[in-house]
Engineer: 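Sharing a structure here in C-alpha cells format.
Each chain gets a letter, A, B and so on, in the order its sequence line appears, and its residues count up from 1. In this text, all values refer to a predicted model and were calculated from it rather than measured experimentally.
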Number of protein chains: 2
Amino acid sequence: MNCSLARALNDVGDWWTLLIIRDAFLGAQRFSEFQRSLGLARNTLSDRLERLCAADVMMRAGTPARPLYSLTEKGRALAPALVALQQWGDQFASANLPPVVVTDRCGRPLPRLKVVDQDGAEVDPEGLRFAPGPGADARTHARFQAHARFRPTPAFRS
Amino acid sequence: MNCSLARALNDVGDWWTLLIIRDAFLGAQRFSEFQRSLGLARNTLSDRLERLCAADVMMRAGTPARPLYSLTEKGRALAPALVALQQWGDQFASANLPPVVVTDRCGRPLPRLKVVDQDGAEVDPEGLRFAPGPGADARTHARFQAHARFRPTPAFRS
DNA sequence: CTGTATCCTTAAAGATACTG
DNA sequence: CAGTATCTTTAAGGATACAG
C-alpha cells in the first residue's frame, strides 16, 4: 500500500505488538518479563519479537541463550504514538480514571499531546488536511485530483 | 485489562479500523467511499463501522437507507495518535518520502508531534516513566511495588 | 531460561449472491 | 446504494510438550 499509515500498522498494528513495545518502554528486557507481564502464549511472543527485530523496531543483545530485548531508535520514535494512544484510552476508555499514567522522569504526569502547526498553534481535528507527499506515485496523485480525496480543501472550495 | 492502552487498542487496534478513521478524517462519509478507497470486503467494512459506532468513535446520520458516517468527538480526539503513527511511518517505513503528508488547513505540512512535559520541554523517550493512576486497582499497585515495573525510577534507583 | 515444534480450536477475511 | 447471508479458506492464538 502506498500509505505510511498502512506501513506503520504493518509493523506495529497488531494487538500484542504495541503492548510489547510499551513494556519495553517500561524497561522490560527479558522474554519472560514480557511473557509474564502480558500473559500471551510463548510462541506468539516469540513471533512478535522476531518481527519487531526484523522490522528494526527492537534489537537483540545479551547472549543467544539469554537475550536482552530493547528498543532501537526507530522503536523509541514510537513514543509520541504510544503516548497519544494511551492518553486517548485514559480519557475515553477509562473515564478519566486511568490505571496507569505516563509521566516524565520526575513522576509528573504529562499533558495531552497536541497537534500543532509550524507556528506552534494548535490544529483542531477539523483543520487537518492531507496532500500528496514527495513519495506520491501516479495513483496517489490521481486520487487526490479525482475528488480532492473526498473533501475539498479550502483552496478548492473557494 | 486494567490498562488504557489495551482499551484503546480494543476500540481501534485493528488493521482496518485506523485506516477507516483516517478516511473519515479525510472526509469520507459513505459506505461506498470507504469501500472503494480501502478495497476491503463489504462484510468486513460493515462490521467495522458497526463496532466504531457502538464504541462511539463514529456516528451514523443521514437516512437509514443512505447513512452518512462521521467521527464523533471521541473519534476526532484520535487525531494526535493518528498523526503520530502516520509521521512515524513517513520517517521510518517510507524513508522520509511519504506518499501523503498531513497538513494544516492551509496545506502546510505539520511538524512532528512531540512529547512535552508540563513546562513545555520536550521529553525524550528515555525520560518516559509510568506510575499508578487514579484508576489503579490493587493488582496494578502490587505490580508497581513488586519491581517498580521492570525499571527503577530515579527516585528508587538513588 | 528461551525458545521451537505440534496440535487444536476459533476467529477473521474475502468472494459471491442476494435483499430492501 | 447499503448492506446481509452464506460459504470457504486462511491465519492467528493458546496449550502443551520438548530441546538447547
Side-chain angles (χ1 to χ4, degrees), chain A residues 1 3 5-7 9-24 26-55 57-71 146-147 150-151, chain B residues 1 3 5-7 9-24 26-55 57-71 146-147 150-151:
Chain A
M1 258 203 202
C3 164
L5 182 60
R7 289 173 192 164
L9 292 175
N10 205 39
D11 282 352
V12 300
D14 175 85
W15 168 259
W16 289 117
T17 301
L18 274 176
L19 294 173
I20 291 170
I21 290 170
R22 193 226 13 201
D23 273 9
L26 283 161
Q29 298 192 103
R30 297 235 169 262
F31 188 91
S32 55
E33 286 180 313
F34 293 103
Q35 207 262 318
R36 274 198 302 266
S37 167
L38 298 174
L40 80 174
R42 273 208 281 275
N43 40 11
T44 305
L45 175 58
S46 182
D47 176 78
R48 293 303 180 279
L49 289 172
E50 197 66 44
R51 285 171 187 268
L52 284 168
C53 289
V57 172
M58 295 187 73
M59 56 173 295
R60 211 182 298 253
T63 69
R66 293 196 85 223
L68 288 167
Y69 295 97
S70 59
L71 294 166
H147 50 307
F150 306 121
R151 176 173 56 184
Chain B
M1 258 202 200
C3 164
L5 182 60
R7 290 173 192 165
L9 292 175
N10 205 39
D11 281 352
V12 300
D14 174 85
W15 168 259
W16 289 117
T17 300
L18 273 177
L19 294 174
I20 291 170
I21 290 170
R22 193 226 14 200
D23 272 10
L26 283 161
Q29 298 192 103
R30 298 234 169 262
F31 188 91
S32 55
E33 286 180 314
F34 293 103
Q35 208 262 318
R36 273 199 304 266
S37 167
L38 299 173
L40 81 172
R42 272 210 276 276
N43 40 10
T44 306
L45 176 58
S46 182
D47 176 78
R48 291 304 179 278
L49 289 172
E50 196 65 45
R51 285 172 185 269
L52 284 168
C53 289
V57 172
M58 295 187 73
M59 56 174 293
R60 212 183 297 252
T63 70
R66 293 195 86 223
L68 288 167
Y69 294 95
S70 60
L71 295 166
H147 51 307
F150 306 121
R151 174 173 57 183

Engineer: Grab the CD-P distance between Gln35(B) and dG14(C) for me, whole Å please.
Structural biologist: 10 Å

Engineer: Say you draw a straight line from CD1 of Ile21(A) to CG of Leu26(A); how long is it, rounded to the nearest 0.5 Å?
Structural biologist: 12.5 Å

Engineer: Test for a donor-acceptor pair under 3.5 Å between the base of dT6(D) and the side chain of Asn43(B), counting only N and O atoms.
Structural biologist: yes

Engineer: Select base, sugar-phosphate, or nothing to describe what Trp15(A) touches, counting heavy atoms under 4.0 Å on all strands.
Structural biologist: nothing

Engineer: Is Arg30(B) near enough to dA2(D) that one of its side-chain N or O atoms lies under 4.0 angstrom from OP1 or OP2?
Structural biologist: yes

Engineer: Give one of base, sugar-phosphate or nothing for Pro64(B), where a contact means two heavy atoms less than 4.0 Å apart.
Structural biologist: nothing

Engineer: Any donor and acceptor pair, going by atom type alone, linking the side chain of Gln35(B) with main-chain N or O of Phe31(B) inside 3.5 Å?
Structural biologist: no

Engineer: For the side chain of Asp14(B), starting at C-beta, report the closest nucleotide among dT2(C), dA12(C), dA13(C).
Structural biologist: dA13(C)

Engineer: Count the heavy atoms belonging to other residues, nucleotides or ligands that lie under 6.0 Å from CZ of Arg60(A), then report whether that count exceeds 12.
Structural biologist: yes

Engineer: Among the candidates dG14(D), dT2(C), dG3(D), find the nucleotide nearest to the side-chain atoms of Phe31(A).
Structural biologist: dT2(C)

Engineer: Would you say a side-chain N or O of Tyr69(A) is under 4.0 Å from OP1 or OP2 of dG3(C)?
Structural biologist: yes

Engineer: For the side chain of Ser32(B), starting at C-beta, report the closest nucleotide among dA2(D), dG14(D), dG3(C).
Structural biologist: dA2(D)

Engineer: Without decimals, in angstroms, what is the distance between Ile20(A) CD1 and dG13(D) C1'?
Structural biologist: 13 Å

Engineer: Map Leu49(A) and Thr44(B) onto DNA chain C by nearest heavy atom, then report which one ends up closer to the 5' terminus.
Structural biologist: Leu49(A)

Engineer: In whole Å, I'd like the distance from the CG atom of Leu40(A) to the P atom of dT2(C).
Structural biologist: 14 Å

Engineer: Report the distance from atom CG of Leu38(B) to atom C1' of dA2(D), rounded to the nearest whole Å.
Structural biologist: 16 Å

Engineer: Is Ser46(B) near enough to dG3(D) that one of its side-chain N or O atoms lies under 4.0 angstrom from OP1 or OP2?
Structural biologist: no

Engineer: For dG3(D) and Arg60(B) - does any side-chain N or O of the residue sit under 4.0 Å from the phosphate oxygens OP1/OP2?
Structural biologist: yes

Engineer: Round to a whole Å and report the spacing from CZ of Arg42(B) to P of dT6(D).
Structural biologist: 17 Å

Engineer: Round to a whole Å and report the spacing from CZ of Arg36(B) to C1' of dG3(D).
Structural biologist: 15 Å

Engineer: When the distance from CG of Asp47(B) to C1' of dG3(D) is rounded to whole Å, what number comes out?
Structural biologist: 13 Å

Engineer: Within this structure, what is the CZ-CG distance for the pair Arg51(B) and Asn10(B), rounded to the nearest 0.5 Å?
Structural biologist: 8.5 Å

Engineer: Does a side-chain N or O of Arg48(A) approach OP1 or OP2 of dG13(D) to a distance below 4.0 Å, or not?
Structural biologist: yes

Engineer: Round to a whole Å and report the spacing from CG of Leu45(B) to P of dA12(C).
Structural biologist: 16 Å

Engineer: Using 0.5 Å steps for rounding, measure from the CG atom of Leu71(A) to the CD1 atom of Ile20(A).
Structural biologist: 11.0 Å

